[in-house]
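The next block holds one structure in the form of structure tokens; read it before the comments.
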Amino acid sequence: MSRRTSPTSPQITIRRAVAKDAKRLTRLVRGSGAYEGKYASAVAGYRVGPDYIEAHRVFVAVGGGEHDGRVLGFYALVLAPPELDLLFVADDVQGLGIGRLLVAHMLSEARAAGLDHVTVVSHLPAEDFYHRVGAVRTGTAPANPPAVPWDRPEFEFRVPRTR
């Protein structure tokens with residue numbers, strides 16, 4: 001387990017997700033304010049199942065202090081092809097540096113797995129976040145109706161090598 005904090009965030013533990021986290025992660029995805037209104041179809045019926053957690057590198061950010069034990073966010077790293085498939089932070093704790101901590105952890109995991117880059121197809125409202133955390137825009141993923149009837153920006157993280 002690793003403990004990482006930022007000056008504005010509560011004590012955070014980032015740990016590997018386990019099967020019993022599946023329902024909480026699904027609730028985070030479906031309850032995300034970024035997927036309200038016209039974006040709701042993208043997560044309607046979406047499920048993060050135990051099989052998904054077992055098949056990929058899924059990590060959760062668990063809060064300390066006032067958030068003791070609560071899953072505040074998570075990410076899923078797919079190794080082949082290298083992709084940040086999911087990254088969510090609970091709406092009420094966004095802006096505290098949790099997303100940045102999860103990205104730093106993901107890059108560390110990618111490096112440990114021998115990856116030199118990780119792609120991500122971004123949700124439109126998350127585009128600025130990916131720019132801020134160092135991802136480079138590489139293109140556009142075309143719409144995939146009916147669930148995702150809009151084009152989405154594609155990004156790439158370069159995975160820094162250890163020296």
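Predicted, not measured: the structure shown is a model, and the values here were computed from it.
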Heavy-atom closest contact (Pro82 atom, Leu115 atom, distance): CB-CD1, 3.8 Å
ILVMFWY network linking Leu101 to Phe157, side-chain heavy atoms under 4.5 angstrom: yes
Spacing of Ile12 atom CD1 and Leu96 atom CG [to the nearest 0.5 Å]: 8.0 Å
Gap separating the CG atom of Leu107 from the CG atom of Leu102, nearest 0.5 angstrom: 11.0 Å
Exercise: identify the closest heavy-atom pair between Pro149 and Ala143: C-CB, 3.6 Å
Nearest non-hydrogen partners of Ala42 and Val148, listed with the distance: CB-CG2, 4.2 Å
ring-ring contact (aromatic ring centres under 6.0 Å, His included) involving Phe59 - partner list, sequence neighbours excluded: Tyr75, His105
With sequence neighbours excluded, residues passing salt bridge (charged side-chain N to carboxylate O under 4.0 Å, His left out) with Asp68: none
Heavy-atom pair of closest approach, residues Pro142 and Asp151: CA-OD1, 3.3 Å
Sub-6.0 Å ring centroid separation between Tyr39 and His123: yes
Qualifying residues under salt bridge (charged side-chain N to carboxylate O under 4.0 Å, His left out), relative to Arg16, sequence neighbours excluded: none
Connected via hydrophobic side-chain network under 4.5 Å: Leu86 and Leu25: yes
Cluster overlap Ile14 with Val93, hydrophobic side-chain contacts below 4.5 Å: yes
Salt bridge (Lys or Arg N to Asp or Glu O under 4.0 Å) pairs, two or more places apart, involving residues 135-147: Glu127-Arg137
Test item: Pro145 and Trp150 side chains (from C-beta on) under 4.5 Å apart, heavy atoms: no
Tyr52: partners by side-chain hydrogen bond (donor to acceptor under 3.5 Å, both in side chains), with sequence neighbours left out: Asp85
Ala40: partners by side chain to side chain contact (heavy atoms under 4.5 Å, CB included), with sequence neighbours left out: none
Distance in Å, Leu87 CG paired with Leu77 CG, rounded so as to fall on 0.5 Å steps: 11.5 Å
Pairs where residues 18-28 contributes a residue and the test side-chain hydrogen bond (donor to acceptor under 3.5 Å, both in side chains) is met, not counting sequence neighbours: Arg15-Asp21, Asp21-Arg24
Residue list, side chain to side chain contact (heavy atoms under 4.5 Å, CB included) with Arg111, at least two apart or on another chain: Ser108, Val159, Pro160, Thr162
Test item: Thr140 and Pro153 side chains (from C-beta on) under 4.5 Å apart, heavy atoms: no
ring-ring contact (aromatic ring centres under 6.0 Å, His included) partners for His131, two or more places apart: Phe155
Contacts of type side chain to side chain contact (heavy atoms under 4.5 Å, CB included), residue Val29, not counting sequence neighbours: Val43, Tyr46, Val48, Phe74, Phe88
Qualifying salt bridge (Lys or Arg N to Asp or Glu O under 4.0 Å) pairs, either residue in residues 29-57, two or more places apart: Arg57-Glu109
Verify same cluster id: Leu84, Ile53 (apolar side-chain graph, 4.5 Å): no
Ser41 vs Pro146 side-chain heavy atoms within contact, under 4.5 Å: no
Shortest non-hydrogen contact between Leu79 and Ala113, atoms and distance: CD2-CB, 3.9 Å
Partners passing side chain to side chain contact (heavy atoms under 4.5 Å, CB included) against Ala141 (at least two apart in sequence or in another chain): Val121, Arg152, Glu154
Transitive ILVMFWY side-chain link Val136 to Val120, under 4.5 Å: no
